[in-house]
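Everything below concerns the one structure shown next.
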Amino acid sequence: MFETPWEQVCGSSRVLTPSVPLRDIEVRHPARWGAKSPMQTIRIKRPSGNSDTERARPGPGRDLAPLLAGAATAVGGFGALLALVGSHSPLRGPLTLFFLLAAPAAAIAVALRGLEPFGRTLAALAGAVVLNMLVAQGMLAVHRWSVRGGIIAVTVISCVLLLLSCVTVKPTKR
């Protein structure tokens, strides 16, 4: 009988079968029968296709979200303006802090449209904190720390993130 060089070196060829039979739990495992693992079935949830019912909500709270978004924009813009002007108003600190958290968080939240609201909010706030820390660390590393420079840097980065996410993210189908 003709032997291959591998068989001459290693001896006779062996079949790769387990020497012990499968245990009961291994025989019944869903993956053995072609079932998908939980990681293969995760999907991003999209809003339901019936958007007419969402637009026609009755009641006084139907226009609350755009009103709150406009108020937050005004408050954040006023805080940035107070910081840039150098005002000594007692509202300067809290409103500037609100701007520094809300501007990058809004830009990141737009990019994460496919996530559920709680996860998107949490990820956007964490990203805003990280962005502010990176701007502060970068300014300190190059010895160019200033309040106005930090506000301008965060504003520019937030605008760039918002523009990139609006350009690259596909709109959701309704």
Side-chain angles (χ1 to χ4, degrees), residues 35-174:
K36 291 184 177 183
S37 71
M39 291 303 291
Q40 291 173 323
T41 58
I42 292 177
R43 289 193 179 100
I44 295 176
K45 295 182 181 179
R46 300 281 181 194
S48 62
N50 191 0
S51 62
D52 295 335
T53 58
E54 295 173 6
R55 287 189 198 139
R57 288 186 308 189
R62 68 176 176 240
D63 294 330
L64 191 59
L67 179 68
L68 288 176
T73 303
V75 167
F78 189 64
L81 183 69
L82 285 176
L84 290 174
V85 170
S87 172
H88 296 292
S89 171
L91 293 176
R92 175 184 171 185
L95 295 183
T96 304
L97 180 63
F98 178 76
F99 172 77
L100 288 174
L101 285 175
I108 293 171
V110 170
L112 301 175
R113 267 188 271 204
L115 295 179
E116 293 195 15
F118 180 71
R120 180 175 37 186
T121 304
L122 194 62
L125 285 175
V129 170
V130 167
L131 183 101
N132 287 322
M133 297 275 240
L134 287 174
V135 166
Q137 188 175 10
M139 290 177 73
L140 287 172
V142 296
H143 303 290
R144 298 284 182 215
W145 170 255
S146 72
V147 174
R148 289 186 180 118
I151 297 286
I152 292 170
V154 169
T155 304
V156 167
I157 293 172
S158 298
C159 288
V160 167
L161 282 174
L162 184 63
L163 288 174
L164 285 176
S165 64
C166 289
V167 170
T168 59
V169 175
K170 294 180 186 177
T172 56
K173 293 182 181 178
R174 291 187 178 222

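Atom set for the values below is all heavy atoms of this structure, side chains included, hydrogens, waters and symmetry mates excluded.
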Checklist entry - At their closest point, which heavy atom of Ile151 faces which heavy atom of Ala80, and how far apart are they? => result CG2-CB, 4.2 Å
Next on the checklist: Minimum heavy-atom separation for Ala124 and Ala105, please, with both atom names.
Outcome noted: CB-O, 3.3 Å
Checklist entry - For the residue pair Val154 and Asn132, what are the closest heavy atoms and their distance? => result CG2-OD1, 3.3 Å
Item to check | Shortest non-hydrogen contact between Leu95 and Gly79, atoms and distance | outcome: CB-CA, 3.4 Å
Checklist entry - Considering all heavy atoms of both residues, which atom of Ala69 and which atom of Thr73 are nearest to each other, and what is their separation? => result O-OG1, 2.8 Å
Next on the checklist: Using side-chain heavy atoms (C-beta onward) and a distance below 4.5 Å, is Leu161 in contact with Val110?
Outcome noted: no
Checklist entry - Rounded to the nearest 0.5 Å, how far apart are CG of Leu81 and CZ of Phe99? => result 10.5 Å
Next on the checklist: I want to check something: taking the side chain as every heavy atom from C-beta on, are Thr96 and Leu100 in contact at a cut-off of under 4.5 Å?
Outcome noted: yes
Item to check | Audit row: Leu125, Val129, side chain to side chain contact (heavy atoms under 4.5 Å, CB included) steps and yes/no | outcome: CA-CA 6 Å; Leu125 285 175; Val129 170; 5.8 Å; no
Checklist entry - Atom OG of Ser158 and atom CG of Leu163: how far apart are they, to the nearest 0.5 Å? => result 11.0 Å
Next on the checklist: Could you measure the distance from the CD1 atom of Ile108 to the CG atom of Leu131? Nearest 0.5 Å is fine.
Outcome noted: 6.0 Å
Checklist entry - Checking Ser165 side chain against Leu162 main chain: does a donor-acceptor pair fall under 3.5 Å? => result yes
Next on the checklist: Using a 3.5 Å distance criterion without hydrogens, assess whether the side chain of Arg148 forms a donor-acceptor pair with backbone atoms of Leu84.
Outcome noted: yes
